[in-house]
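What follows is one structure encoded as structure tokens, with my remarks underneath.
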Amino acid sequence: QAVHNYTYTTDAARSLALLGNTPGAYHQTWHLPVSDSHTGKEFVEKVASILKAKPTYLVTPKWLLRTLSVFIGQLRESMEMLYQFECDYRFSDEKFSKAFPDFKKTDFETIVKQMV
């Protein structure tokens with residue numbers, strides 16, 4: 001399974017505001033704060049653990065997604081993003097963390113609890 005890390009929207013907004021108000025940050029490439037890396041299965045298991053639920057998931061075969069995308073427009077649009085789930089998709093926020101050591105990322109458990 002491919003490994004991913006994610007950026008929490010609230011952390012993205014706070015970090016963009018911080019970068020936008022830091023003159024020395026201009027004309028550079030930045031990756032915003034990201035979570036630890038997880039496979040899809042690990043992500044589901046971690047969320048289920050936080051919610052005290054049984055982890056269940058279903059992986060839809062690519063051929064079925066292609067077939068259904070003929071009839072479901074939204075699915076057709078998401079087919080072009082499948083590459084993100086076929087290969088590792090990781091970003092490093094090391095530069096951001098070094099530049100802004102006091103920036104506190106929202107922990108995963110808090111994110112999950114805010115979403116339910």
Side-chain angles (χ1 to χ4, degrees):
Q1 269 193 338
V3 174
H4 289 241
N5 54 14
Y6 301 90
T7 301
Y8 181 49
T9 305
T10 302
D11 289 351
R14 291 187 308 117
S15 58
L16 285 171
L18 182 57
L19 285 169
N21 286 291
T22 304
Y26 285 77
H27 307 292
Q28 296 184 51
T29 301
W30 295 90
H31 288 280
L32 303 181
V34 293
S35 66
D36 294 334
S37 299
H38 303 284
T39 65
K41 181 180 178 185
E42 291 168 343
F43 186 88
V44 169
E45 289 171 346
K46 194 168 184 176
V47 171
S49 173
I50 292 167
L51 299 177
K52 296 177 180 27
K54 180 182 176 192
T56 58
Y57 61 94
L58 173 69
V59 177
T60 306
K62 194 173 185 176
W63 66 265
L64 181 56
L65 290 174
R66 278 200 181 106
T67 303
L68 292 173
S69 72
V70 172
F71 306 101
I72 304 169
Q74 290 174 324
L75 188 55
R76 185 171 41 251
E77 292 174 13
S78 64
M79 288 295 295
E80 66 189 52
M81 302 306 288
L82 275 182
Y83 73 92
Q84 292 183 11
F85 301 96
E86 296 171 337
C87 301
D88 289 350
Y89 200 76
R90 299 179 195 193
F91 288 95
S92 171
D93 61 8
E94 182 179 357
K95 178 180 176 180
F96 185 91
S97 296
K98 284 182 180 177
F100 305 101
D102 294 334
F103 185 91
K104 301 286 187 243
K105 290 190 272 187
T106 308
D107 66 275
F108 193 80
E109 186 169 340
T110 301
I111 294 169
V112 171
K113 288 180 177 178
Q114 288 177 354
M115 293 174 60
V116 293

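Here, residue 1 is the first one in the sequence, and each next residue gets the next number. Only this structure's heavy atoms are used, side chains among them; waters, hydrogens and symmetry mates stay out.
Every residue two or more places apart in sequence or in another chain that forms a side chain to side chain contact (heavy atoms under 4.5 Å, CB included) with T39 is listed here: Q1, V3, K41, E42. Residues forming a side chain to side chain contact (heavy atoms under 4.5 Å, CB included) with L16 (at least two apart in sequence, or on another chain): L32. Looking at residues two or more places apart in sequence or on another chain, you find a side chain to side chain donor-acceptor pair (under 3.5 Å) between Y8 and Q114.
Taking each heavy atom of T7 and A12 in turn, the nearest pair found is CG2-CB, 3.7 Å. For A2 against D88, the heavy-atom pair with the smallest separation is CA-OD1, 3.5 Å.
Rounding to the nearest 0.5 angstrom, the gap separating the CG atom in D107 from the NZ atom in K113 is 8.5 Å. From H38, atom NE2 reaches atom CZ of F108 across 5.0 Å, with rounding to the nearest 0.5 Å. If you take OG on S37 and CG on N5, they are separated by 4.0 Å, rounding to the nearest 0.5 Å.
Side chain of R14 to main chain of F103: no donor-acceptor pair is present (N/O by atom type, distance under 3.5 Å, no hydrogens or angles). A side-chain donor-acceptor contact under 3.5 Å links Y26 to the backbone of G20. In terms of modelled atom types and a separation under 3.5 Å, the side chain of W30 and the main chain of L19 share no donor-acceptor contact.
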What pairs of donor and acceptor atoms, side-chain ones from residues 44-61 against any protein atom, are under 3.5 angstrom apart with sequence neighbours left out?
none

Quick one: side chains of residues 90-97, donor-acceptor pairs under 3.5 Å with protein atoms, not counting sequence neighbours, listed by atom name and distance.
residue, atom, partner, partner atom, Å
S92, OG, E94, N, 3.2
D93, OD2, V34, N, 2.9
D93, OD2, K105, NZ, 2.9
E94, OE2, K98, NZ, 3.1
K95, NZ, Q28, OE1, 2.9
K95, NZ, T29, O, 2.9
S97, OG, D93, O, 3.1

Sequence neighbours left out, cut at 3.5 Å: what donor-acceptor pairs do the side chains of residues 74-81 make with other protein atoms?
residue, atom, partner, partner atom, Å
R76, NH1, S69, O, 2.7
R76, NH1, V70, O, 3.3
S78, OG, L75, O, 2.9

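Aromatic ring orientation, Y6 versus F43: tilted (interplanar angle from 30° to 60°).
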